[in-house]
Amino acid sequence: MNNEILVFSDLDGTLLDHHTYSFAAAVPTLDKLAEQNIPVIPTTSKTYAELKQIRSDLGLQTPFIVENGAAIFIPEGFFNEQPKDTLAKNGFWIKEFSKPVAYWRGLLDTLKGEFDGQFNHFANMTNAEIVDATGLSQAQAELASAREYGEPILWLGDQDTKVLFLKALENLGAKPLQGGRFLHLSGECDKGKALIWLKKLFQSTKANKEYTSIALGDGQNDVAMLNAADIAVRILSPVNEPPILTKENDVHTTKRFGPEGWADSLNHIIFNC
Ligand SMILES: [Mg+2]
C-alpha cells in the first residue's frame with residue numbers, strides 16, 4: 001500500500017477526557033496505531049513542559065505541536081537529516097512559528113488600563129489560581145505555566161466587552177484563539193499551518209508514498225487544523241458545540257465524547273471496525 005497515514009490529535013477534550021484528563025478509552029486504538037507505525041502527533045495548546053510528561057504517559061515518540069501551532073518539536077533523528085528552518089535544542093529539532101511569550105505579555109500590559117479587572121492571564125496568576133481555572137493538579141499547573149510562545153488569558157468580563165477586547169488585541173497584531181477554557185494569545189500561527197508544514201516534511205522524506213492526514217479536535221482552536229486535514233474528525237464535547245468548518249468533505253463527528261469518540265472514529269476510518 002502506497003498510502004501513509006498521519007494522525008494529528010488535539011489533547012484536552014479529544015484524546016484526553018475534558019473533565020478527568022484520562023485517555024484510558026483510547027489505549028487499545030493507540031496500541032493498534034503503534035503496531036502499524038502510524039504516527040499520532042499531539043497537536044495541542046499545551047506547553048513543551050507538559051508534553052514531555054504526557055508523551056511518556058501515552059508512550060509516544062513522535063513529533064508534537066505545542067501552544068496551538070506556535071512550534072513543532074521533532075525528536076532528533078526521527079528523520080534522516082535535520083529539517084530546514086529548524087533549530088536543534090534539548091534533543092529536538094524545533095520549528096518555531098511564533099515570537100516568544102514575553103512579546104505577547106507586553107501587549108497585554110498595554111491593555112490593562114482599558115480592560116481593568118476584566119481579564120487575567122497565566123503570567124499574572126498564582127499556581128493555585130491556575131489549578132482553580134483548569135482543574136489540573138499543582139504539578140501539572142506548574143508545567144502548564146511554563147509558556148514559551150503564547151499566553152493563555154482567562155476572560156472575566158461580559159461578552160460585549162470581550163468583543164472589544166478581541167478587537168483591541170487584533171489591532172495590536174495579535175491573533176487570539178478561543179480554546180476550551182482560555183483565550184490563547186499568540187501571532188500568526190495555528191494548528192493548521194503546523195499540520196501543513198509537518199505533512200509536507202513527511203511527504204518530502206518518502207516521495208513514493210502518498211500521505212493522508214487525519215485531524216481530531218473538539219474546539220474552536222482546532223478549526224484551522226480540521227480544515228487543513230484530508231480527513232477531519234470533530235470530537236463531541238460536553239461543554240461546547242462541534243466547531244464549524246469550511247471543509248465540507250471527509251468531515252466526521254463523533255457520537256461519544258473525548259477519548260471514546262477518538263477511538264470510535266479512528267477504528268472506523270483506519271481499521272474499518
Ligand atoms: Mg480541545
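Read the numbers this way: they start at 1 and go in the same order the structure lists the ligands and their atoms. Residues take their numbers from the sequence shown, with the count starting at 1. It should be emphasised that the depicted structure is a prediction, and the values quoted were computed from it without experimental measurement.
- In D12, the N, O or S atom that comes nearest to the Mg ion (ligand 1) is O.
- For the residue pair T212/N3, the side-chain donor-acceptor check at 3.5 Å is satisfied.
- If you look at F73 and F78, their ring centroids are not closer than 6.0 Å.
- When the N, O or S atoms of D10 are ranked by distance to the Mg ion (ligand 1), OD2 comes first.
- Nearest N/O/S atom of D218 relative to the Mg ion (ligand 1): this is OD1.
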- request: Take S9 and W262 through the test side chain to side chain donor-acceptor pair (under 3.5 Å) and record every step on the way to the result.
  value: CA-CA 9 Å; S9 179; W262 191 94; 2.8 Å; yes
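- Looking at residues two or more places apart in sequence or on another chain, you find a side-chain hydrogen bond (donor to acceptor under 3.5 Å, both in side chains) between H121 and K112, E151.
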